[in-house]
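A short write-up of the structure that comes next.
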Amino acid sequence: QLGERGGVRSLVQSDLSPNMAQCATASAPKTLGTAASNTTVVAADEEFLPFATGSFDLVLSSLALHWVNDLPGALIQIAQALRPDGLFLGSLFGGQTLHELRAALLEAELAEEDGASPRISPFADIRDAGSLLQRAGFALPVADSDTLTVTYANAMELMRDLRGMGQSNALRERRRRPLRRRTLLRAAEIYGRRVAASDGRVHATFEVIYLTAWAAAASQPRPLAPGSARARLADALGTEELKTGDKPRDS
């Protein structure tokens with residue numbers, strides 16, 4: 001969609017998977033009158049970005065950064081790839097994502113297997129997202145989140161959907177043998193018992209964290225030094241200013 005907008009002189013699309021990068025090549029806009037005049041597609045690892053410092057005015061990342069092993073390092077590389085005052089917009093799954101499924105799988109494995117195996121990748125927390133942007137050297141960072149609730153006929157449908165999305169277990173420490181059928185059925189039963197609605201459908205929570213930040217630049221606004229204000233907040237609010245310890249007068 002970005003490539004189909006006017007005014008984009010150069011567009012670089014990247015994906016960790018070479019196959020997915022080829023899909024982007026196949027679906028690239030063919031009409032240069034409305035598309036980016038120079039479109040490049042590369043297979044690239046978010047943890048080892050092959051882009052020179054100050055390459056881009058804008059970097060977008062849509063639901064990919066939750067897969068990286070070193071999120072702070074990836075953000076640092078994104079910040080370095082931006083020109084001064086360049087914009088970064090990103091989204092990634094947050095810590096509340098699939099908490100229902102995590103709990104059901106943990107309980108089922110403890111009951112049916114010889115201990116639990118890591119099943120779902122760790123997610124960033126909204127409380128840490130803004131700090132990570134600051135650590136990466138971004139200016140004016142903002143982190144926000146949205147919670148989406150999706151319903152399924154049962155937990156098996158949810159897990160089938162996750163596999164179709166390419167969001168199945170890829171943890172290095174995962175148990176290598178297949179999950180036992182009995183364990184899987186126990187997890188589905190626990191899931192349904194805990195979150196099923198009156199119509200029998202189950203819900204799954206997806207928390208999406210949105211990141212907005214700018215590459216540092218001298219032209220950006222800076223906070224004023226404490227005590228340098230030229231106007232009183234009380235005047236702007238139309239109220240009375242009280243000293244510490246004073247009590248409001250009775251009206």
Side-chain angles (χ1 to χ4, degrees), residues 1-94 121 123-146 207-226 228:
Q1 290 180 342
L2 182 64
E4 295 172 354
R5 295 177 60 90
V8 180
R9 296 190 301 273
S10 179
L11 174 65
V12 177
Q13 300 182 71
S14 70
D15 196 282
L16 176 62
S17 164
N19 290 337
M20 294 301 294
Q22 290 178 0
C23 291
T25 302
S27 63
K30 301 300 188 297
T31 306
L32 294 182
T34 58
S37 58
N38 182 16
T39 299
T40 305
V41 180
V42 298
D45 189 338
E46 292 91 340
E47 297 185 45
F48 302 96
L49 293 178
F51 306 120
T53 300
S55 297
F56 304 110
D57 298 302
L58 170 68
V59 172
L60 302 173
S61 176
S62 178
L63 296 180
L65 289 175
H66 59 280
W67 277 117
V68 302
N69 297 301
D70 180 12
L71 181 56
L75 292 174
I76 289 173
Q77 292 184 64
I78 291 173
Q80 292 174 343
L82 282 168
R83 297 188 178 102
D85 207 32
L87 176 62
F88 168 60
L89 297 174
S91 64
L92 67 161
F93 287 123
S121 302
F123 295 112
D125 193 283
I126 181 63
R127 293 172 296 182
D128 300 324
S131 298
L132 289 176
L133 291 172
Q134 288 183 317
R135 285 177 54 188
F138 283 104
L140 310 174
V142 177
D144 199 1
S145 69
D146 193 14
E207 181 189 17
V208 182
I209 296 177
Y210 299 96
L211 306 176
T212 305
W214 302 81
S219 60
Q220 292 169 343
R222 296 287 190 273
L224 297 175
S228 63

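Basis for what follows: all heavy atoms, side chains included, without hydrogens, waters or symmetry-related copies. Here the structure is a predicted model, which is why all the values come from computation and not from measurement.
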* From W67 CH2 over to L71 CG, what is the distance, rounded to the nearest 0.5 angstrom? -> 14.0 Å
* Which residues share a side chain to side chain donor-acceptor pair (under 3.5 Å) with W214, sequence neighbours left out -> none
* Asked: Where do P141 and A213 come nearest, in terms of heavy atoms and distance?
  -> CA-CB, 4.0 Å
* Asked: So which heavy atom on T39 is nearest to which on Q13, and how close?
  -> CG2-NE2, 3.8 Å
* In Å and rounded to the nearest 0.5 Å, what is the CD1 to CG distance from I76 to D70? -> 7.5 Å
* **Where G130 and A143 come nearest, the two heavy atoms and their spacing** => N-CB, 3.8 Å
* Structure fact -> To the nearest 0.5 Å, atom CD1 of I78 lies from atom CD of E46 at 8.0 Å
* Asked: Looking at D15 and A21, what are the two nearest heavy atoms and their distance?
  -> CB-N, 4.2 Å
* Using modelled atom types only, decide if a donor and an acceptor are shared between the side chain of E47 and the backbone of N69 within a distance under 3.5 Å. => yes
* **Matching residue for L133 among L211, D128, V142 - test: side chain to side chain contact (heavy atoms under 4.5 Å, CB included)** => L211
* Structure fact -> Interatomic distance, OG@S61 vs CG@L75, rounded to 0.5 Å, equals 8.5 Å
* Structure fact -> Those residues at least two apart in sequence (or on a different chain) that pass side chain to side chain donor-acceptor pair (under 3.5 Å) with D144 are none
* Look up atom OG1 in T212 and atom CZ in F138, then write down how far apart they are to the nearest 0.5 Å. => 10.5 Å
* Asked: What's the spacing between F51 CZ and S14 OG if we round to 0.5 Å?
  -> 4.5 Å
Can you give me every donor-acceptor pair (side chain of residues 79-86, partner residue at least two apart or in another chain, under 3.5 Å) with its distance?
residue : atom : partner : partner atom : Å
R83     : NE   : G54     : O            : 3.3
R83     : NH1  : D57     : OD1          : 3.2
R83     : NH1  : D57     : OD2          : 3.1
R83     : NH2  : S55     : O            : 3.2
D85     : OD1  : Q220    : NE2          : 2.9

* Asked: Does R135 have any side chain to side chain donor-acceptor pair (under 3.5 Å) partners at least two apart in sequence or in another chain, and if so, which?
  -> none
* To do: Please answer whether the main-chain N or O of L63 pairs with a side-chain N or O of S91 as donor and acceptor at a distance below 3.5 Å.
  => yes
* Asked: Does F123 have any ring pair (Phe, Tyr, Trp, His ring centres under 6.0 Å) partners at least two apart in sequence or in another chain, and if so, which?
  -> none
* Partners passing side chain to side chain donor-acceptor pair (under 3.5 Å) against Q134 (at least two apart in sequence or in another chain) -> none
